[in-house]
**Student:** 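My structure is below; once you've seen it, I'll send some questions.
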Amino acid sequence: MRIGILAYQGGIYEHEYMLRRAFTELGVNGDVILVKKPSQLREIDGVIIPGGESTTIGRLAERFGVLDLLGDLIREGLPAFGTCAGAIMMAKKVRDSVIGEIQQPVLGVMDVEIVRNYYGRQRESFEIDLSIPALGEEPFRGVFIRAPAIVKLWNGAVPLAKLEGVTVLARQKNILASTFHPELSGDTRLHKLFIEELIRR
Amino acid sequence: MRSYLSTDARLYSVGFDRIINFFYRLAEVADELRAEGLWFRYGPEVLPEKLSVPHKGTLRVKYGFPIYQKRGVCMDVTNVEQAQIAEDAGAVSVMVLDKLPYDVRVAGGVARMADVRVIEEVMSNVTIPVMAKVRIGHYMEAKILETIGVDMIDESEVLTPADEKYHINKWEFKVPFVNGARELGEALRRISEGASMIRTKGEAGTGNVAEAVKHMKLIMNEILALRTLSPEVRMRKAREYGVPYELVDLTARLGRLPVVNFAAGGIATPADAALMMWLGADGVFVGSGIFKSKDPRNRAEAIVLATSMWDDPEVVVEAQKMISETKSMMGIDIRRLKPEELLQVRGV
């Protein structure tokens with residue numbers, strides 16, 4: 001199994017570390033590919049879009065022709081997991097909590113509306129134990145850094161976890177999006193869920 | 001393309017959560033006496049096992065913030081217009097200053113924190129993180145920036161130090177700090193004071209990357225050398241650096257600094273940025289290089305491109321073609337600077 005990480009900018013190696021741990025724990029013979037060129041997209045069984053600045057990631061992906069192709073592949077069923085900025089990249093509708101409506105290059109593959117910097121600035125960044133029924137009883141440590149929030153879901157997009165009334169983890173068929181950073185928690189359950197339930201269906 | 005060092009210094013051999021636990025334990029050791037009221041808030045507050053309400057400003061979010069700056073470019077700006085150019089070009093953050101480092105050199109006098117109103121104006125006009133600089137040791141400038149909600153504070157040698165001897169105790173802040181360093185001892189001292197991110201000092205405002213190269217190579221090579229030292233020699237190093245032995249040991253085992261490490265000071269072209277990435281930087285700060293050039297829009301975009309794609313020479317060529325050498329900032333020969341004009345010797 002080969003999982004690509006969109007590797008223009010952001011927390012790339014943190015996801016690589018977690019994926020390798022998840023592979024070991026699941027006994028999966030897996031490999032991680034850092035994706036920057038369109039040709040690499042054909043070689044992967046799933047893709048992670050990491051946290052970073054969504055404006056930076058989006059612009060670079062657009063420049064190299066990765067944005068459109070990856071969007072098409074995800075629409076055709078390529079399993080995809082976006083965290084924080086990666087979740088923003090998935091959304092069909094994006095707003096900023098201060099600036100309002102914004103035009104930025106995104107994949108736009110998931111039927112959700114996301115608000116950037118929902119909780120405020122870095123001093124408002126926080127961690128908390130989340131209840132995620134899909135992962136069992138044990139709470140999951142959510143690390144929210146200048147995090148966005150999923151404020152609306154339609155069609156097949158469903159919330160998997162909520163915090164104070166907004167969605168922090170959502171799924172739509174082959175797409176998973178978290179507004180927090182599972183790669184910082186040391187808990188591989190969400191990466192394992194992505195591998196087992198989205199890629200190995 | 002391979003990095004300067006055969007080991008890829010960008011990869012952590014242990015998970016982020018383990019590094020955070022390490023810092024909590026380090027703080028706990030220093031803090032055994034806190035319960036007795038004998039220790040003055042040095043180190044982070046220890047978190048409860050379960051977090052049922054949001055905890056802000058924890059170590060995980062302070063060390064986590066710079067993770068999402070990696071492979072990106074933070075650009076120095078002095079106003080909203082420049083900040084928007086930076087954002088449009090794909091900068092991961094902007095650093096608000098009163099004057100660009102080059103102008104600080106030309107102007108002389110005392111360089112201080114930027115105008116608070118300008119910082120606030122920038123914050124309400126861009127979606128990317130906003131950083132600002134404070135003078136070394138100036139606790140109150142830092143408190144002001146924390147209060148208005150700046151995302152990261154740079155305790156910077158580019159400004160005139162407010163304390164000739166001590167840096168700010170950064171553990172006391174909810175906002176993460178970045179500090180400059182010229183060598184490993186300096187970097188580890190700043191980390192033990194609570195810095196969440198390190199950058200090379202270079203020689204700011206010169207447009208000359210030579211000092212940044214020197215500092216990055218020195219730090220990388222010092223870390224490599226640590227790896228071969230026996231525990232008792234590492235202990236001696238720790239004493240020499242004036243930092244806990246455990247921090248030296250962790251750095252040796254990781255083969256890199258345990259926090260995000262950027263390059264800064266004199267980066268002026270896409271090739272400069274790619275060079276620093278090749279040397280093992282996690283990302284770059286560009287100061288005067290962009291807005292002291294005559295082609296800031298193109299140059300900003302080109303430097304973003306070269307930083308992200310440094311290991312693909314063809315893309316670096318593409319980036320380098322986006323700028324014109326005739327439009328680069330003129331730059332200053334560091335050998336022509338008088339010793340008292342060097343910024344890098346401030347705050348060691």
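Chain letters run A, B, ... following the sequence lines, proteins first, then strands; residues in each count from 1. Values reported hereafter were calculated over all heavy atoms of this structure, with side chains retained and with hydrogens, waters and symmetry mates removed.
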**Student:** Can you say whether A:Ile99 sits under 4.5 Å from chain B via the side chain, the backbone, both, or neither, judging by heavy atoms?
**Tutor:** side chain
**Student:** Under a 4.5 Å heavy-atom cut-off, does chain B meet the side chain of A:Glu16, its backbone, both or neither?
**Tutor:**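 Just its side chain gets close to chain B.
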**Student:** Take A:Glu196 and A:Arg200 through the salt bridge (Lys or Arg N to Asp or Glu O under 4.0 Å) test and state the conclusion after the steps.
**Tutor:** CA-CA 5 Å; A:Glu196 291 208 293; A:Arg200 276 170 136 191; 3.6 Å; yes
**Student:** Given a strict heavy-atom distance threshold of 4.5 Å, which part of A:Ile12 is in contact with chain B: side chain, backbone, both, or neither?
**Tutor:**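 Looking at A:Ile12, just its side chain touches chain B.
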**Student:** With only heavy atoms counted, which part of B:Glu146 is less than 4.5 Å from chain A, the side chain, the backbone, both or neither?
**Tutor:**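 For B:Glu146, the backbone is the part near chain A, not the side chain.
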**Student:** Do the ring planes of A:Phe126 and A:Phe144 sit parallel (below 30°), tilted (30 to 60°) or perpendicular (above 60°)?
**Tutor:** parallel
**Student:** Ring-plane angle category for B:Trp171 and B:Tyr63, please: parallel below 30°, perpendicular beyond 60°, tilted otherwise.
**Tutor:** tilted
**Student:** Go through B:Gly64, B:Gly15, B:Pro129 and name the one with the most non-hydrogen pairs under 4.5 angstrom from chain A.
**Tutor:** B:Pro129
**Student:** If only side-chain N and O atoms count, and only distance matters, is there a donor-acceptor pair under 3.5 Å linking A:Gln9 with B:Tyr68?
**Tutor:**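 Looking only at side-chain atoms, A:Gln9 and B:Tyr68 do not form any donor-acceptor pair under 3.5 Å.
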**Student:** Can you tell me which portion of B:Asn125 sits under 4.5 Å from chain A's heavy atoms? Options are side chain, backbone, both or neither.
**Tutor:** backbone
**Student:** Work out which heavy atom in B:Ser308 is nearest to a heavy atom in B:Asp311; give both atom names and the distance.
**Tutor:** O-OD1, 4.5 Å
**Student:** Quick check on the 6.0 Å ring-centre criterion: do B:Phe177 and B:Phe65 meet it?
**Tutor:**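 Distance test on ring centres: not under 6.0 Å, no.
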**Student:** Are B:Glu155 and B:Lys170 close enough, and set up right, to give a salt bridge (Lys or Arg N to Asp or Glu O under 4.0 Å), and what steps lead you there?
**Tutor:** CA-CA 10 Å; B:Glu155 188 180 15; B:Lys170 293 163 273 285; 2.8 Å; yes
**Student:** Heavy-atom pairs under 4.5 Å with chain A: which of B:Val14, B:Ile19, B:Val130 has the most?
**Tutor:** B:Val14
**Student:** Tell me, with the steps shown, if A:Glu25 and A:Arg21 meet salt bridge (Lys or Arg N to Asp or Glu O under 4.0 Å).
**Tutor:** CA-CA 6 Å; A:Glu25 288 169 22; A:Arg21 256 182 66 190; 3.6 Å; yes
**Student:** Tell me whether B:Lys56 forms a cation-pi arrangement with A:Tyr119, defined as NZ or CZ under 6.0 Å from the six-membered ring centre and within 45 degrees of its axis.
**Tutor:** no
**Student:** Determine whether the side chains of A:Gln172 and A:Asp111 contain a donor N or O and an acceptor N or O closer than 3.5 Å.
**Tutor:** yes
**Student:** Of all of B:Thr58, B:Asp312, B:Leu51, which one pairs up most often with chain A through heavy atoms under 4.5 Å apart?
**Tutor:**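 When all of B:Thr58, B:Asp312, B:Leu51 are compared, B:Leu51 has the most.
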**Student:** Taking all non-hydrogen atoms of both residues into account, name the closest pair between A:Ser178 and A:Pro182 and its distance.
**Tutor:**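 Scanning both residues completely, I find the closest heavy atoms to be OG-CD, 3.5 Å.
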**Student:** Please state whether the side chain, the backbone, both or neither of B:Leu305 comes within less than 4.5 Å of a heavy atom of chain A.
**Tutor:**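 Both backbone and side chain.
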**Student:** Counting heavy-atom pairs under 4.5 Å with chain B, which one of A:Glu127, A:Glu183, A:Arg141, A:Glu14 comes out on top?
**Tutor:** A:Glu127
**Student:** Quick one: of B:Ala89, B:Ser124, B:Ser93, who has the most non-hydrogen atom pairs under 4.5 Å with chain A?
**Tutor:**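 Highest number of pairs under 4.5 Å: B:Ser124.
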**Student:** Taking the six-membered ring for Trp, are A:Tyr17 and A:Tyr13 closer than 6.0 Å centroid to centroid?
**Tutor:** no
**Student:** Tell me, with the steps shown, if B:Lys50 and A:Asp129 meet salt bridge (Lys or Arg N to Asp or Glu O under 4.0 Å).
**Tutor:** CA-CA 7 Å; B:Lys50 296 273 173 241; A:Asp129 286 322; 5.1 Å; no
**Student:** Checking B:Thr127 against chain A: side chain, backbone, both or neither under 4.5 Å from a heavy atom?
**Tutor:**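 For B:Thr127, heavy atoms of backbone and side chain both lie under 4.5 Å from chain A.
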**Student:** Answer with side chain, backbone, both or neither: which region of A:Arg123 has an atom nearer than 4.5 Å to a non-hydrogen atom of chain B?
**Tutor:** both
**Student:** Using non-hydrogen atoms and a 4.5 Å limit, figure out which bit of A:Glu124 sits close to chain B: side chain, backbone, both or neither.
**Tutor:**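 Contact with chain B involves both backbone and side-chain atoms of A:Glu124.
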**Student:** Taking side chain as everything from C-beta outward and backbone as N, CA, C, O, which of these in B:Glu318 sits under 4.5 Å from a heavy atom of chain A? Side chain, backbone, both or neither.
**Tutor:**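 Contact with chain A: side chain only.
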**Student:** What are the two closest heavy atoms between B:Glu87 and B:Ile128, and how far apart are they?
**Tutor:**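 Between these two residues, the closest heavy atoms are OE2-N, 3.6 Å.
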**Student:** Please classify the contact between B:Met123 and chain A as side chain, backbone, both or neither, with a heavy-atom cut-off of under 4.5 Å.
**Tutor:**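 When you check distances to chain A, atoms from both the backbone and side chain of B:Met123 fall under 4.5 Å.
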**Student:** Which one, B:Val150, B:Asn21, B:Leu11, leads in non-hydrogen pairs under 4.5 Å with chain A?
**Tutor:**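 Answer, by heavy-atom pair count under 4.5 Å with chain A: B:Leu11.
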**Student:** Do you know which two heavy atoms are closest between A:Ala170 and A:Leu153, and how far apart they sit?
**Tutor:**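 What the structure gives for the nearest pair is CB-CD2, 3.9 Å.
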**Student:** I need the contact set between residues 27-56 of chain A and chain B: heavy-atom distance under 4.5 Å, sorted by residue number.
**Tutor:** A:Lys36, A:Lys37, A:Gly51, A:Gly52, A:Glu53, A:Thr55, A:Thr56
**Student:** Checking heavy atoms, do the side chain of A:Ser185, its backbone, both or neither come under 4.5 Å from chain B?
**Tutor:** backbone
**Student:** B:Ala142 and B:Ile168: which non-hydrogen atoms are nearest, and at how many Å?
**Tutor:**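 Looks like CB-CD1, 3.8 Å.
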**Student:** Do you know which of B:Arg71, B:Arg199, B:Lys70, B:Arg256 makes side chain to side chain donor-acceptor pair (under 3.5 Å) with B:Asp282?
**Tutor:**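 When side chain to side chain donor-acceptor pair (under 3.5 Å) is applied between B:Asp282 and each of B:Arg71, B:Arg199, B:Lys70, B:Arg256, only B:Arg256 qualifies.
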**Student:** If you compare all heavy atoms of B:Val61 against all heavy atoms of A:Gln122, which two are closest, and at what distance to 0.1 Å?
**Tutor:** O-NE2, 3.0 Å
**Student:** In terms of heavy-atom proximity below 4.5 Å to chain A, should B:Val92 be classed as side chain, backbone, both, or neither?
**Tutor:** both
**Student:** Let me know if A:Arg20 has heavy atoms under 4.5 Å from chain B in its side chain, its backbone, both or neither.
**Tutor:** neither
**Student:** Count the heavy-atom pairs under 4.5 Å between each of A:Arg116, A:Met18, A:Arg63 and chain B, then report the option with the highest count.
**Tutor:** A:Arg63
**Student:** Quick check for you: among B:Val73, B:Ile148, B:Thr307, which has the greatest number of heavy-atom pairs under 4.5 Å with chain A?
**Tutor:** B:Ile148
**Student:** Please round to the nearest 0.5 Å and tell me the distance separating atom OG1 of A:Thr167 and atom CG of A:Leu160.
**Tutor:** 9.0 Å
**Student:** Given heavy-atom pairs under 4.5 angstrom as the criterion, report whether the side chain, backbone, both or neither of A:Ala7 touches chain B.
**Tutor:**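 The backbone, not the side chain.
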**Student:** Check whether B:Val315 gets within reach of chain A through its side chain, its backbone, both or neither, counting any heavy atom under 4.5 Å.
**Tutor:**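 For B:Val315, the side chain is the part near chain A, not the backbone.
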**Student:** Side chain, backbone, both or neither: which part of B:Val260 has a non-hydrogen atom closer than 4.5 Å to chain A?
**Tutor:**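 For B:Val260, there is no contact with chain A at all, as no heavy atom is under 4.5 Å.
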**Student:** Measuring heavy-atom distances to chain B, does A:Arg121 have an atom under 4.5 Å in its side chain, in its backbone, in both, or in neither?
**Tutor:** both
